[in-house]
Structures are given as C-alpha cells and as structure tokens.
Participant: 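I am attaching a structure below and will ask some questions about it afterwards.
Because only heavy atoms are used, hydrogens play no part in the values below, and waters and symmetry mates are left out as well, while side chains stay in.
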Amino acid sequence: MDAYDFSAIEARWRDFWSERGFFQTDTSAREGTYYYLNMFPYPSGYLHVGHGRNYIIGDLITRVKIMRGLQVLNPMGWDAFGLPAENAAIENNTHPWTFTQKNIDNAKEQFRIWGVQFDWNRELATCLPDYYKWTQWLFVQLYKAGLAYKKKATVNYCPTCDTVLANEQVVGGVCERCDTPPEPRDLEQWFFKITNYAQRLLDDLSTLEKWPDNVVKMQENWIGRSEGAEVTFVAETGDPITVFTTRPDTLWGATFMVLAPEHPLVDKLATDAQREAIATYRDQAARASEIDRLSTDREKTGVFTGGYAQNPVNGEKVPVWIADYVLMTYGTGAIMAVPAHDERDFAFAIKFGLPIIPVIDRTDGLAKSVVFPGSVDADFAHRLDALHIDYERQPLGDLGEGLFVTMHGEAQIDKYVEVMRENLAPGNWNEIVGARWLFVFNDTVLELDGTASDREILARCKAIYPPVGKNRTVMEMLNGLSFYRNVLFHAEYGTMIHSGEFTGTPGDRAKADVSQWLETKNIGRATINFRLHDWLISRQRYWGAPIPMIHCEKCGQVPVPEDQLPVLLPETEFIGKMGLADIPGYADTTCPECGGPAKRDTDTMDTFVDSSWYYLRYINPQDATRAFARSDVDHWLPVDQYVGGVEHAILHLLYARFITKALYDMGHVGFTEPFARLFTQGMVCHTAYKCPDHGWLYPKEVSSGATTCPKCGKDLDISSFKMSKSKRNVVDPKDIVDHYGADTERLYTMFMGPPDRDIDWTDEGIRGAFRFLNRVWTLIISSLDQLGAVGTKANTAELDESALSLWRRVHRTIKKVSEDIEERFSFNTAVAAIMELFNELSPYTSGGTVDAALLREAIDALVLILSPFTPFVCEELWQRTGHTDSILEQPWPSYEDAALEQDTVEIPVQVNGKLRARITVPAAVAVDAAALKDAALANERIQAELAGKNLIKAIAIPGKMVSLVVK
RNA sequence: GCCGGGAUGGCGGAAUUGGCAGACGCAAGGGACUUAAAAUCCUUUGAAGGGUAACUUCGUGCGGGUUCGAGUCCCGCUCCCGGCACCA
C-alpha cells in the first residue's frame, strides 16, 4: 500500500487549481457573489507560519464558498510603498522597487506552496503608477470637495539624518536610526479633513453589527466624543479666551486659566516680567514633548503669564498660566481650571498655590474634621458619642492626640457644628471638610465659598497658629493633613454650591441648565468636541505616492488636471534619506491654469492613503479609465468578510471608513461602510530563549527541556512572544512543509486554537496534525476495496446499529463543520468534529460487516469537509476513491435532517441538583415532559434515591434532563 | 487612571440558548510489535477516598447571591492580556 507521500501529492496538485481557473472571479456577476478580503500585506522579506494563519483562513473560506456555488472574489495585492523598502534600498544601494519586487515574488511562491489561492489577475501593488494614479485621483477629488487642505504643523525633524521623521520612526522619543532626539519643526503639511466625519464615523459604528466589539470600542475611544460647552473668558487686554469644558456646571469654581504653551495668545498676555520665564518654559516644553508626555504621573509644570482674565459668571479676576498638560491639539488649546473638581487642576493648584473653591456638593454626604488637642475639653468625645458621630483617636505629630471625626449627612454635620461652637476653646478653630466646607471660629463660622473667604479664613488661621502661614491657600493647608486627602477633591456630578443663582441646582440638571443659561447670556454655548483630529498625510519621503498639487505664484494651489495623472515618481539613482524636494528638477513644472512657471508639491502621501481605497480597485483592477466602476463596486461592496490583524483596528479601518463616506458624498459609490463583517485574527507566538549574556538564542541551540544557556550555563529567560526575527523565534514554513507538508501546516494552524486569540505554536502540536493525516490516508487507501460505487448512498433500512450510528455521525459532522466554518469562525472545533467522525469511522471499517454504500457516503463526506483545511491530500484522495472531477466542482455536502434524530436519547436525572442516573428513553418520550418525568421516577436508581423521602418538585426539560427535589 | 477581553486538567483548548464539565489534540504512564530504537497500534490519564468494575466527595481565579440546576446570569474582589492615556 502507498504511504502518505505528502511531497509528491502536494507537487501534483500545486498548480492544478489555478490552471483550472477555480479562483478567477467574474465581477460582472450579479447573483450569488461573495467578497472575501484579507488585509493586504506589506511585502516584507519573509513569511513565517504566523503570517500563514491569515491566508489559510481566507483560502479555507473561499474554498467552502466556491463549493457552495458562489461567485467568490478573494484578491491579493501589496501595500508596497513605505519606509522599510526605502531603508532597505539605501542599505543595498538599489531601488526600492527592486527590493519590493523580490519580496513579492517570494510571498507569491510561499502562497503557492501553502496552497493558498488568489485571483492573480487582480493583483495590485500600491507603488505602481497604474495604482497610485488613482490614489492621486482620490486626493484631487478630496481636494475639490474641500476635504484636503494645507496648514502649518509641527513635525519631528532629525538634525543628524537631516530629514523629517514620520511618527513611526520616532521610537522611544529618539530617531530610530541614529538615536537622536528629534526637533519639532513647523512645516506646511497636507491634511484630510476626517474631523468633518467624526460624528458619522461614530454613529455608523452601531450599524457594524458583525464587527468585533473591541474594535468598535477602540474606534469609539479614538474618535472620543465629549459633550460640553465653550465658554469665553475675557483677558485684561480685551482678548477673548475661549475654553472647552465638559463641566460648565463647575464654572464658578474656575479660579485660574491654563493655556497650552504654543497658544497664540500667550505672547499678548505675557507681562514683561514674565516674558523670559515663558520663553524658557515654551522652549523646554517643545523639546521635552515626546519623551515626557509618555509619563502621565509626572509632576505638573507651568509658568504664570502675568496676565489675568475675568471669569464671566462671577466676575472674579483669574490668573492665566501656561502649562504643558494643556494640549494645543485638543479643544481650544485653553482651559478653565476648576481645581476642586478636576484631578489635574487640583495637582497644579496645590503645587502653585492657586485657590481651590469647591462648587459641587459631594453625593455621599461624607465630611471629616480633625479636632486638635486642647481645642476642646476632655468631655468632647462623650458629646460626640451621644450624637453617634464616629471618631478615632490618633496622634497629631508632637501636638498630642487628636480626634479624627467622620460624619455622614447634613443632620450629623449640623449637630457637630453646633456642639463645636459651644465647646471650642478660645484661640482655636475647627474645620469641617467634604460635604460641607465650614470653619468654626470663636466668634463666627465661615464657609469656604469663594476666593475672598479663602483669603479671610487663611488669615484668621494664621493669626491663631502662625505655622500655617506657609500655606498659600486654605486647601493647601488642609492638604497637609493626609486624613483629609480623599475629601478635598471629587469629579462627580452633584448639587451645585457656591454658584450664585445656580446654587442648589441638582447634579442631573446642572450641566444642561448652565449651558443653556450661558447661551442666553452670550457667554458660551453647548458644544461637542472630538479627540480625533485631522489626518496628516504629508510625508517628506521618496517612496510614496506624490501629492498631485502644483503651487503657482499667480494662481496659488492648483491640482494636477486628472488627464495628466499620474504624477510619476522620478526615476533616480539618488533616493532614500532625502525626499522629492531634494531631487533636482522634480519640482519644476508649469501651472496648468496660467501656463507660467510653477512648483510641484514635493510631499508624498502617507501609505494609509494607499490602503484606504484598495478594496475598491480589486473590482476593476485593470481599468485604465477610472479607479473603479460604480456599477460593479455597488454590487460587490461592502466586503462580505474582511480579515486582518487587530493592530489595524483603529487607523486603517477608520481611514477606510472615512474615505468610503467621502466617496459616497461625492457620488462615486452607493454605500457608506466598506466592510460588512470584520474578523481580527490573533497572533501566533513561539517560545523565545534569552540568555542574560548571549541575548536571544535560536530554539535549535537550546537542547530540549533545558533551561540554561548552552554557551555559559546561565539561566535562560524563557517565554513566548509573537514571532519576530529579532527574538529568533520564528518558525520557517519551509521547515514545516519539508518535514510534514503544507496540508499538515494548514491543519495544525486551524486546529491550534480559536482564531481570534493569540496562540503558541508548538512542535508537538504539529506532529499531532501530521499523525491525523497519516491515519486518514491509511484508512481510506486500505478501505478502497470495501468502497461502494461512486454516487451510492447508504440505505438506512439495511444498516445495523453501529452503521446507523456512523451514518448519524456523518451528517451531524457535516452540520457542525458547516456552521463552525461559515457562521462561527470556529475552525478548531470544526477540525475536532472531523477527528471525531474519523474516530468512529476507523473502527467501523475493521469491525466485521461493512456497508459499502455507507462507507462510500462517509468517506466522500470526510474528504469533502476536510478539503478546505487540507486541499492537497483531499484532492488526491478524491481521485483515488474513484472520482474524476475536482473537489472544487463538488457541492459542499448537505446533511439529512433524519440523521440528526436519534431513536433513543440518554437523559440525565438529577436529585437535589446532583446527577444520580442516566436513563435511556425513546425519542418520543424524551420530548414529552410528563412521560419523561414518569420514566425518570420509574428508574431503579432513582427509586432507591427517593426511598423514604418526599418528592417536592419534579422538573422535566424535554430532550434535556429531569431534575427532582426531595426532602 | 479609563475602556475592552480573559482566567477551565500537566499543556492548547471544548461545552453554541442556564441543563451530563473536561470534546478534540498534545504530553505522560502501561502494554503490543522490534535484537534495539523510531514509527505504528492497543490502553490508562481532573483530584481525593482501602479505589483501573458500576460507589462517594471535591472540582471551571477568589468571596457572596439568584435558580430545581451556574464554567455560563447578578453583586463584590484578585491577577493576566490588549487599547487609550495630562483629551479639559
């Protein structure tokens, strides 16, 4: 008998499917179409088994859909522009395209070996002129629609490399190539106005029901909608300073303002005395930005401008500061600081001694007070006991023992104030902090309700106890006692206090009421702000799509006329490091409008632009007259199933959604979302070994089971990481295919675990898959002479019990595998079900009488449902079992409902929640609750269980179980 | 800090709608074949109790709860992973 010779088998079928054109798609089809799409890859140098996961899933689904008789589109292309190619080209002194082309060839060969099929007639590469021509066309459309504009923006400039760095090139705050911290530079940059679509991008997320929840959430967070108000303060200079706040109800507590260091008004507000300090701070903030903003909990820094503004709601004069915790890129670049109800403002105010006035009541009614030793008589504690007020005695530094009082609710606080007023010894004070802000003095009780009382209270305290004079505000003084720390600040919605006519407004209305009032007073208005900002697409690089714009002194910015596209990348020897601006002669052109001399834009586009529309180009990839045909894309899109890595959950998917909506608004497409259903597959990880001295080791270097370095004997750091060259833990598909074949790799990849989860590749696991294929091979080849004629089906009337059981298993498995693949994306359980079928089939073939027709039915079904996983061996087995056509010409098997029904059913019986018996009943009984209950009660085991006890309750769930309650 | 997701045998995982926990695979043990090894085949395998016959108890990160019944639902935690992070 033939052994399972996978390499011969795979060689035989490798080109068969493409030669027969099974994977070529007719996009003029309008019936039964299915668009499957993998995120197209960047053509990097090599593919490892982890990359395979994505494409194997796609190939598997495509094969099933073809067998379903659908017209399937599963294209492949290359996201080929970008920095790695450019860097590699510099290193090898070659053109990026040379490098890219080689990688593309490698990848295509790898796909061929994996048996992963695509419609190669639709291949595209974003770096080729017939693609980027249409990327430029897209840019021009966006420009004409007012969605592309130029403005000054700060970029990272590396002084050593003498070039601009993309954000991704700044790693850990330094240039990835030379470790120099980049300098910020202001340059004119192109942006796409994605913020125009913020609300729609957010709203339409709710229509994406078939997207993973976590991706939807990530996009939601990224868009970052917040509702609030814009409020205008007026500076002493007369300049309006508009701020955005989500808490207009806290306006009365705005005791200072903070502007971003880059805010345009800073120069105007600055007093001469502060000018130098401001300049220094701005400089330092600009330089430090990238590195330091990584740490959120670093101490607040800032500088006073010297200027003041007026709080429009209470007329208070508030100082204006600058600080780098306020970002120029969010809101208006200026904030009103409400230190009593914002953590950051609180920290800033404490550090710089700015007043902190609570204006929102606590919702929990919690208040605290510290009674200093000697400020009351010894009986005071008993009085508190009588009032049921909690306190603890604790030492207060070297002053002696104090009472640390905790109160809940207004009534208790009032009683406490009363008893404190009666008992406070002369020359003392006592404060109540939290739900109330009261200071009991011998002659009066003062409330901390504004900056005036802040000053008065502090002055009185200082007079009584001079050491507190070092504090600049009452809050700073209170902050000195750690007992108070958790009641000094809160960010909850609550009843407004110390807020003029709004005092007493309940928390659930405060925000809306104040917003409305601001509007009538013409001080501000309710507004919505988004975290999302416009998409900076300019790159000062060579290897990207040139921005098709011309700058003419007379006519201004002029788009390149569409009939003159593409603007080609200049052919040049000297590439890399520099951008298009450095290529002599590139920029020189004539103005399309006036014909005079003009300059081309020398920026190229972010590669995310290339990938934001490629799914459209696949429909008409060779159309030289247009980017795509609306009549075709309107039929084929949205993409039925989009699959890719979760690392693209935000940017790529958001940009693609934006571009689709923009194209819709411009009338180029008839749909508003590009991807109907999304699946994000997990990463494949592998054990990596790290020696403290010798760094990362190849798994081969470490003898199996060893935990120490083979070179120095030190303990290795062994853990699992995403496969990467640098960690030396990649598994090369070549090794796997050579040893076990591509089918085994495919099967194991699908069987490893749930496809949306990260998973470890193990060398033991792959052997299990290989063993299984060997068993399948051996069983089928050795059963050939027992096999019924092609096309025969089992006659159930003639089958004995074990045969009937197998017959049912066959159909049950078809059902499960179909659902697991097409509905649940649960390939691991589909494989398990096929293994179970095999585990029943195998003993059947060697167990005496074998029904030839049933065996035919079972083996055909097994081969068909296994074929999307392991197409090579299945195609071979299909032929060996007597078929003359290809599996892909076969319909996906259907199951018979009759086979899903059992004659008898095993039903578990519980007594008091514990499993006590399993009864086997006819199917008719199992579905009848009353009969099922009787059957359970009749059971011997249950009878014994019930003996001497009362049956309280009997629950019978038809088809599922019986549950008895006894006493 | 905020927002997601997760935790089940020695390991990867299964249990789809609240209904027999541990499917399937790996690893490990025992046996067959073999001069031997590999491969293959058979077999045992959640833990505990004199316990590889059919019994009992315990068992899905921890603590409570709802229910006849909870891996699954509710409340409160712990730890791990991912995203965002001074976003006003």
Participant: Is the shortest distance from a Lys or Arg side-chain nitrogen in A/Lys351 or A/Glu299 to a carboxylate oxygen in the other one below 4.0 Å?
Facilitator: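 So A/Lys351 pairs with A/Glu299 through a salt bridge.
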Participant: Between A/Arg282 and A/Glu262, is the closest basic N to carboxylate O distance under 4.0 Å?
Facilitator: no
Participant: Mind checking the P distance from B/G71 to B/G64? Whole angstroms is fine.
Facilitator: 15 Å
Participant: Are A/Ile57 and A/Pro755 packed together at the side-chain level, in the sense that at least one heavy-atom pair is separated by less than 4.5 angstrom?
Facilitator: yes
Participant: Between B/A21 and B/U16, how far is it from one P atom to the other, in whole Å?
Facilitator: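 Approximately 14 Å lies between the P atom of B/A21 and that of B/U16.
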Participant: Closest approach to the side chain of A/Gln910, judged atom by atom: which nucleotide of B/A88, B/G19, B/G4 is it?
Facilitator: B/G19
Participant: Here's a test of your reading of the structure: between A/Pro908 and A/Ser826, which maps to the more 5' nucleotide of RNA chain B?
Facilitator: A/Ser826
Participant: Return the nearest nucleotide to the side chain of A/Pro754; candidates are B/U57, B/A14, B/G12.
Facilitator: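 Of all the options, the side chain of A/Pro754 is nearest to B/A14.
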Participant: Is there a side-chain contact between A/Thr749 and A/Phe827 in this structure, where contact means two heavy atoms from C-beta onward sitting under 4.5 Å apart?
Facilitator: no
Participant: Heavy atoms under 4.0 Å is the rule here; annotate nucleotides 23-28 of chain B 5' to 3' with B where the base is hit, S where only the sugar-phosphate is, and - elsewhere.
Facilitator: BBSSS-
Participant: Report yes if some heavy atom in the side chain of A/Val962 is under 4.5 Å from a heavy atom in the side chain of A/Ile942; otherwise report no.
Facilitator: no
Participant: For B/G46 and B/U52, measure between their P atoms and round to the nearest Å.
Facilitator: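 Here B/G46 and B/U52 have their P atoms 12 Å from each other.
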Participant: Would you mind reading off the distance between A/Arg531 atom CZ and B/C3 atom C1', rounded to a whole angstrom?
Facilitator: 12 Å
Participant: Among B/G4, B/C68, B/U56, find the nucleotide with the atom closest to the side chain of A/Asn214.
Facilitator: B/G4
Participant: From CG of A/Leu205 over to C1' of B/C3, roughly how many Å is that when rounded to an integer?
Facilitator: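 Checked: the CG to C1' distance equals 14 Å.
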Participant: In terms of base orientation, is B/G46 syn or anti, with the syn window spanning 90° either side of 0?
Facilitator: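 In terms of base orientation relative to the sugar, B/G46 is anti.
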Participant: Expressed in whole Å, how much space separates the P atoms belonging to B/U44 and B/C81?
Facilitator: 39 Å
Participant: Could you tell me whether the side chains of A/Thr232 and A/Thr242 share a donor-acceptor contact shorter than 3.5 Å?
Facilitator: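 Looking only at side-chain atoms, A/Thr242 and A/Thr232 do form a donor-acceptor pair, the distance falling under 3.5 Å.
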Participant: Within the 4.0 Å heavy-atom criterion, would you say A/Glu220 contacts the bases, only the backbone, or no part of the nucleic acid?
Facilitator: nothing
Participant: Taking any heavy-atom pair under 4.0 Å as a contact, classify A/Arg916: base, sugar-phosphate, or nothing.
Facilitator: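 Sugar-phosphate contact only.
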Participant: Give the rounded distance in Å between these two atoms: CD1 of A/Ile957 and P of B/U17.
Facilitator: 17 Å
Participant: Select from A/Asn529 and A/Gly753 the residue whose nearest nucleotide in RNA chain B is closer to the 5' end of that strand.
Facilitator: A/Gly753
Participant: Whether A/Lys816 and A/Glu819 form a salt bridge (side-chain N of Lys/Arg under 4.0 Å from carboxylate O of Asp/Glu) is what I want to check.
Facilitator: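 Judged by the 4.0 Å cut-off on N to carboxylate O distance, A/Glu819 and A/Lys816 do not form a salt bridge.
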Participant: Whole-Å distance between B/G1 C1' and A/Glu343 CD?
Facilitator: 7 Å
Participant: Within this structure, what is the CZ-to-C1' distance between A/Arg918 and B/C20, rounded to whole angstrom?
Facilitator: 5 Å
Participant: Please give the distance between the C1' atoms of B/U66 and B/U8 as a whole number of Å.
Facilitator: 23 Å
Participant: Using the ring of each side chain (for Trp, its six-membered ring), is A/Phe304 parallel, tilted or perpendicular to A/Trp321, with breaks at 30° and 60°?
Facilitator: tilted
Participant: Just call it for A/Met961: base, sugar-phosphate, or nothing, with non-hydrogen atoms closer than 4.0 Å on any strand.
Facilitator: base
Participant: For the P atoms, the ones on B/U57 and on B/C79, what distance do you get once it is rounded to whole angstrom?
Facilitator: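 It works out to 35 Å between them.
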Participant: For A/Ile759, which contact category applies under a 4.0 Å heavy-atom criterion: base, sugar-phosphate, or nothing?
Facilitator: sugar-phosphate
Participant: What's the gap between B/C20 and B/G10 when it is taken at their P atoms, as a whole Å value?
Facilitator: 23 Å
Participant: Measure NE2/A/His648 against P/B/G83 and give the value in whole Å, please.
Facilitator: 13 Å
Participant: Let me check I have this right: for RNA chain B, each base becomes ., (, ), [, ] or |, based on Watson-Crick or G-U pairs with both distances under 3.5 Å. What is the full string?
Facilitator: (((((((..(((......[....))).(((((.......))))).((((.....))))..(((((..]....))))))))))))....
Participant: Is there a side-chain contact between A/Leu806 and A/Leu841, using heavy atoms and a 4.5 Å cut-off?
Facilitator: yes
Participant: Answer yes or no: does a side-chain N or O of A/Ser226 lie under 4.0 Å from OP1 or OP2 of B/A88?
Facilitator: yes
Participant: Can you check the A/Phe770 CZ to B/A39 P distance for me, whole Å?
Facilitator: 11 Å
Participant: Establish, with yes or no, whether the OP1 or OP2 oxygen of B/A15 is under 4.0 angstrom from a side-chain nitrogen or oxygen of A/Arg824.
Facilitator: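 Yes.
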Participant: Taking the P atom in each of B/A32 and B/C24, what is the distance between them to the nearest angstrom?
Facilitator: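 Pairwise P distance, B/A32 against B/C24, rounds to 26 Å.
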Participant: What is the distance, rounded to the nearest whole Å, between atom CD of A/Glu262 and atom P of B/C86?
Facilitator: 14 Å
Participant: Nearest to the side chain of A/Lys960, which nucleotide is it out of B/U56, B/G19, B/G13?
Facilitator: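 The listed nucleotide nearest to A/Lys960's side chain is B/G19.
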Participant: Might you point out which heavy atoms bring A/Ile650 and A/Gln219 nearest each other, and give the distance in Å?
Facilitator: O-NE2, 3.6 Å
Participant: May I ask you to check whether over 12 heavy atoms, not counting those of A/Gln199, lie within 6.0 Å of atom CD?
Facilitator: yes
Participant: Test ring-ring contact (aromatic ring centres under 6.0 Å, His included) on A/Phe6 and A/Tyr740; report intermediate values, then the result.
Facilitator: CA-CA 7 Å; A/Phe6 58 84; A/Tyr740 306 105; 7.6 Å; no
Participant: Within less than 4.0 Å of OP1 or OP2 of B/C68, is there a side-chain N or O belonging to A/Lys953?
Facilitator: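 Checking B/C68 against A/Lys953, a side-chain N or O does come within under 4.0 Å of OP1 or OP2.
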